[in-house]
Amino acid sequence: MKNENIQQGPQINPSQYGYPMPYQQEDEIDLYELWSAIWQRKQMIFFVSLVVTLIAFAYVLMVKPIYKAEIFFLPPLAQDIQELNFQGIQDMDVASIARVSPEKVYQEFQKNLQSKSLRREFYEKPKNYDWFQKANNLDNSDVQQTFEDKFDEKLKVKVPKTGSANFISLSFEAEDKELSATWLNSYVDFVVSKTRHQLVIASTTELKNNKQFLLDKVAGLRKIALSRRKDRIALLQESLLIAKMSGNTDPVKLRGSDIDKEYMRGSKAIESEINVLQSRKNEDPFIEGIRDFQEKIAYLDAISIEEKNITPVTIDQAALVPVDPIKPKKKLILLIALVLGVFMGIFIAIVQASLCKNKKLEE
């Protein structure tokens, strides 16, 4: 046939003319082959996952659980601090006495709740300090560091990001769940007592200052009254001298004249008044308004502040013994360990399959 006699022309290499070579797909991942390699090593993957999970389980059993007790607060009620607001004293003519509001008292409590010095004072009480050192197997080598790490850092005030800022809480973390609640309640009682005492001291000092203000006023009135009495005596002594020199023993009355001088009263009357003024022992009955100030002083003296009747905070919920620890989160740790173990097993399986494939290719 004619076609059989036709000679074939030379083969053209595409690369000679700059044409790209056809793409070879030898290096593409074969998912079926990958899955087959993983499935063949499923026992090894299971073993790796089991080992990692068991290690995590051992860690969960070995680590000491941490419990968190929490207590919630609200501002005090008006009747809780009425001892600090003295009835009627705001209307007195005394130094300024600001009315104590529940918000102000609550702020003082919050400030003390976070006070480093009060925390340190509570921590260093012999009974508390000894227990805390023994409970945490600590020595006395570094008291400050122990306080910072084991107590102060574990005592946290929480203010809500949304809602009322008055609703705050205080939490304490410890390895002993019962003592975590006991310590927290004890610390709050300590802060309440300190705040109450500070409020009473402040109010008592304010009362003393106002009483002193009134006493100073009374002393000032008496001093002025004494000076005026001395001035009166000096005036009368001069008038007495004039009366004696004029020979006016008895009062002198001049008709048709408006002359009215002390010496015209006569030496007898003037001398009698001088004797009375010089013998006066008490100036108070002759001082106008002094009795009003003395009444206010007596009122301040009668005020008694009962510290036990003051409650600087409303405890919405006292600290209860926690049921479950916050650390470690056992279920989460075991779940993460299981997932990590599976991924590690799969990774090892893929590496093994790749090594075996390369070895066969080399052979």
Chemist: Can you tell me how far the CD1 atom of Ile326 sits from the OG atom of Ser171, to the nearest 0.5 Å?
Modeler: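 Atom-to-atom, Ile326:CD1 and Ser171:OG are 7.5 Å apart.
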
Chemist: Under the 3.5 angstrom rule, does the side chain of Tyr106 hit a backbone N or O of Asn166 as a donor-acceptor pair?
Modeler: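 It does hold such a pair.
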
Chemist: Partners of Glu121 by side chain to side chain donor-acceptor pair (under 3.5 Å), sequence neighbours excluded?
Modeler: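 Here the qualifying residues are Lys194.
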
Chemist: Whether the side chain of Asn275 engages the backbone of Glu271 through a donor-acceptor N/O pair (distance < 3.5 Å, no angle test) should be reported.
Modeler: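 At least one qualifying donor-acceptor pair exists.
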
Chemist: Could you tell me whether the side chain of Ser115 and the main chain of Lys111 form a donor-acceptor pair under 3.5 Å?
Modeler: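 A pair under 3.5 Å: no.
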
Chemist: Can you tell if the side chain of Asp250 reaches within under 4.5 Å of the side chain of Lys268, non-hydrogen atoms only?
Modeler: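 Answer yes - side chains close enough.
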
Chemist: Check the pair Lys327, Lys64 against side chain to side chain contact (heavy atoms under 4.5 Å, CB included), reporting the backbone distance first and the verdict last.
Modeler: CA-CA 8 Å; Lys327 301 174 186 178; Lys64 292 183 178 180; over 6 Å; no

Chemist: Using a 6.0 Å cut-off, check whether atom CD of Gln79 has over 12 heavy atoms from anything other than its own residue.
Modeler: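 For Gln79, atom CD is crowded (more than 12 foreign heavy atoms under 6.0 Å).
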
Chemist: Looking at side-chain heavy atoms only, is the closest gap between Ser186 and Phe122 below 4.5 Å?
Modeler: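 They are in side-chain contact.
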
Chemist: Nearest 0.5 angstrom please: Thr204 OG1 to Leu84 CG, how far?
Modeler: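 Answer for the OG1-CG pair, Thr204 versus Leu84, is 9.0 Å.
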
Chemist: If you measure from CD on Gln278 to CD1 on Ile233, what distance do you get to the nearest 0.5 Å?
Modeler: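 The CD atom of Gln278 sits 5.0 Å away from the CD1 atom of Ile233.
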
Chemist: Phe147 ring centre to Arg119 NZ or CZ under 6.0 Å, with the angle to the axis within 45°?
Modeler: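 No cation-pi geometry.
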
Chemist: Under a single-linkage definition using a 4.5 Å side-chain heavy-atom cutoff for Ile, Leu, Val, Met, Phe, Trp and Tyr, are Ile336 and Val51 assigned to the same hydrophobic cluster?
Modeler: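 No, no single cluster joins them.
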
Chemist: Quick one: do the Asp216 and Gln212 side chains pair a donor with an acceptor below 3.5 Å?
Modeler: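 There is such a pair between these side chains.
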
Chemist: Same cluster for Phe347 and Phe47 if Ile/Leu/Val/Met/Phe/Trp/Tyr side chains link at under 4.5 Å?
Modeler: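 Different hydrophobic clusters.
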
Chemist: Less than 4.5 Å apart, side chain to side chain, heavy atoms only: is that true for Phe72 and Leu170?
Modeler: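 With C-beta onward as the side chain, the pair stays apart.
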
Chemist: Test your reading of the model: is there a side-chain donor-acceptor pair from Thr205 to the backbone of Ile201, 3.5 Å cut-off?
Modeler: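 Checking the backbone N and O of Ile201 against the side chain of Thr205, a donor-acceptor pair under 3.5 Å is found.
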
Chemist: Using the side chain to side chain donor-acceptor pair (under 3.5 Å) criterion, which residues pair with Lys68? Sequence neighbours excluded.
Modeler: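 Side chain to side chain donor-acceptor pair (under 3.5 Å) check on Lys68 returns nothing, list empty.
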
Chemist: Identify the two heavy atoms, one from Asn85 and one from Val100, that lie closest to each other, and give their separation to 0.1 Å.
Modeler: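 The pair with the smallest heavy-atom distance is OD1-N, 2.8 Å.
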
Chemist: Before you tell me yes or no, could you show the steps for Glu148 and Lys116 under salt bridge (charged side-chain N to carboxylate O under 4.0 Å, His left out), namely the whole-Å CA-CA distance, both residues' side-chain angles and the distance that decides it to 0.1 Å?
Modeler: CA-CA 10 Å; Glu148 293 286 347; Lys116 281 270 189 181; 3.1 Å; yes

Chemist: When clusters are formed by joining ILVMFWY residues with side-chain heavy atoms under 4.5 Å apart, either directly or through shared neighbours, do Val157 and Phe109 land in the same one?
Modeler: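 Linked, Val157 and Phe109 end up in one cluster.
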
Chemist: Apply salt bridge (charged side-chain N to carboxylate O under 4.0 Å, His left out) to Glu273 and list each qualifying residue two or more places apart in sequence or on a separate chain.
Modeler: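 Scan of Glu273 (salt bridge (charged side-chain N to carboxylate O under 4.0 Å, His left out), adjacent residues dropped) gives Arg232, Arg265.
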
Chemist: Can Leu50 and Leu54 be said to form a side chain to side chain contact (heavy atoms under 4.5 Å, CB included), step by step?
Modeler: CA-CA 6 Å; Leu50 180 62; Leu54 288 176; 3.9 Å; yes

Chemist: May I ask you to decide if the ring planes of Phe172 and Phe151 are parallel, tilted or perpendicular, using 30° and 60° as cut-offs?
Modeler: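 Ring orientation of Phe172 relative to Phe151: tilted.
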
Chemist: In terms of side-chain heavy atoms, does Glu70 have a donor or acceptor partner in Ser169 at a distance below 3.5 Å?
Modeler: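 Side-chain D/A pair, Glu70 to Ser169: present.
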
Chemist: With a 4.5 Å heavy-atom cut-off, do Phe73 and Leu113 have their side chains touching?
Modeler: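 Side chain of Phe73 against side chain of Leu113, heavy atoms only: contact under 4.5 Å found.
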
Chemist: Just by modelled atom types, is the Val200 backbone N or O under 3.5 Å from a matching donor or acceptor in the Ser203 side chain?
Modeler: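 The answer is no, because no donor-acceptor pair under 3.5 Å joins these two groups.
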
Chemist: Indicate every side-chain donor-acceptor pair of residues 303-325 with a distance under 3.5 Å to a residue at least two apart or in another chain.
Modeler:
| unit_1 | atom_1 | unit_2 | atom_2 | d |
| --- | --- | --- | --- | --- |
| Glu307 | OE1 | His197 | ND1 | 3.4 |
| Asn309 | ND2 | Glu83 | OE2 | 3.4 |
| Thr314 | OG1 | Pro75 | O | 2.9 |

Chemist: May I ask you to decide if Asp189's main-chain N or O and Ser193's side chain share a donor-acceptor pair within less than 3.5 Å?
Modeler: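 No, the answer is negative, given that no donor and acceptor are paired below the 3.5 Å cut-off.
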
Chemist: Once you round to the nearest 0.5 Å, how far does NZ of Lys230 lie from OG of Ser227?
Modeler: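 Taking NZ in Lys230 and OG in Ser227, the distance rounds to 6.5 Å.
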
Chemist: Working to the nearest 0.5 Å, report the span between CG of Leu240 and OH of Tyr263.
Modeler: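 OH of Tyr263 is found 14.0 Å from CG of Leu240.
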
Chemist: Okay, side chain of Asp80, backbone of Pro76: is any donor-acceptor separation there less than 3.5 Å?
Modeler: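 No; judged by distance alone, with no hydrogens or angles, the pair does not exist.
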
Chemist: Same cluster for Phe343 and Val52 if Ile/Leu/Val/Met/Phe/Trp/Tyr side chains link at under 4.5 Å?
Modeler: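 Phe343 does not cluster with Val52.
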
Chemist: Is any side-chain heavy atom of Ile168 less than 4.5 Å from a side-chain heavy atom of Lys158?
Modeler: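 Result no, sub-4.5 Å side-chain heavy-atom pair not found.
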
Chemist: I would like to know whether Trp183 and Asp176 meet side chain to side chain contact (heavy atoms under 4.5 Å, CB included); could you show each step before the answer?
Modeler: CA-CA 10 Å; Trp183 262 61; Asp176 191 315; over 6 Å; no

Chemist: Check whether the side chains of Asn112 and Gln198 place a donor and an acceptor atom closer than 3.5 Å, and report yes or no.
Modeler: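 Judged by distance alone, the side chains do pair up.
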
Chemist: Supply the atom-to-atom distance Leu214 CG to Glu295 CD, rounded to the nearest 0.5 angstrom.
Modeler: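 It is 11.0 Å, given to the nearest 0.5 Å.
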
Chemist: Please walk me through it: do Lys296 and Leu300 pass side chain to side chain contact (heavy atoms under 4.5 Å, CB included)?
Modeler: CA-CA 6 Å; Lys296 294 172 183 177; Leu300 295 179; 5.6 Å; no

Chemist: List for me each residue that meets side chain to side chain donor-acceptor pair (under 3.5 Å) alongside Glu283, sequence neighbours excluded, and say none if there are none.
Modeler: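 Per chain and number, Glu283 pairs via side chain to side chain donor-acceptor pair (under 3.5 Å) with Arg229, Arg280.
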
Chemist: Which pairs with one or both residues in residues 331-350 pass side chain to side chain donor-acceptor pair (under 3.5 Å), sequence neighbours excluded?
Modeler: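 Residue pairs with at least one partner in residues 331-350: there are none.
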
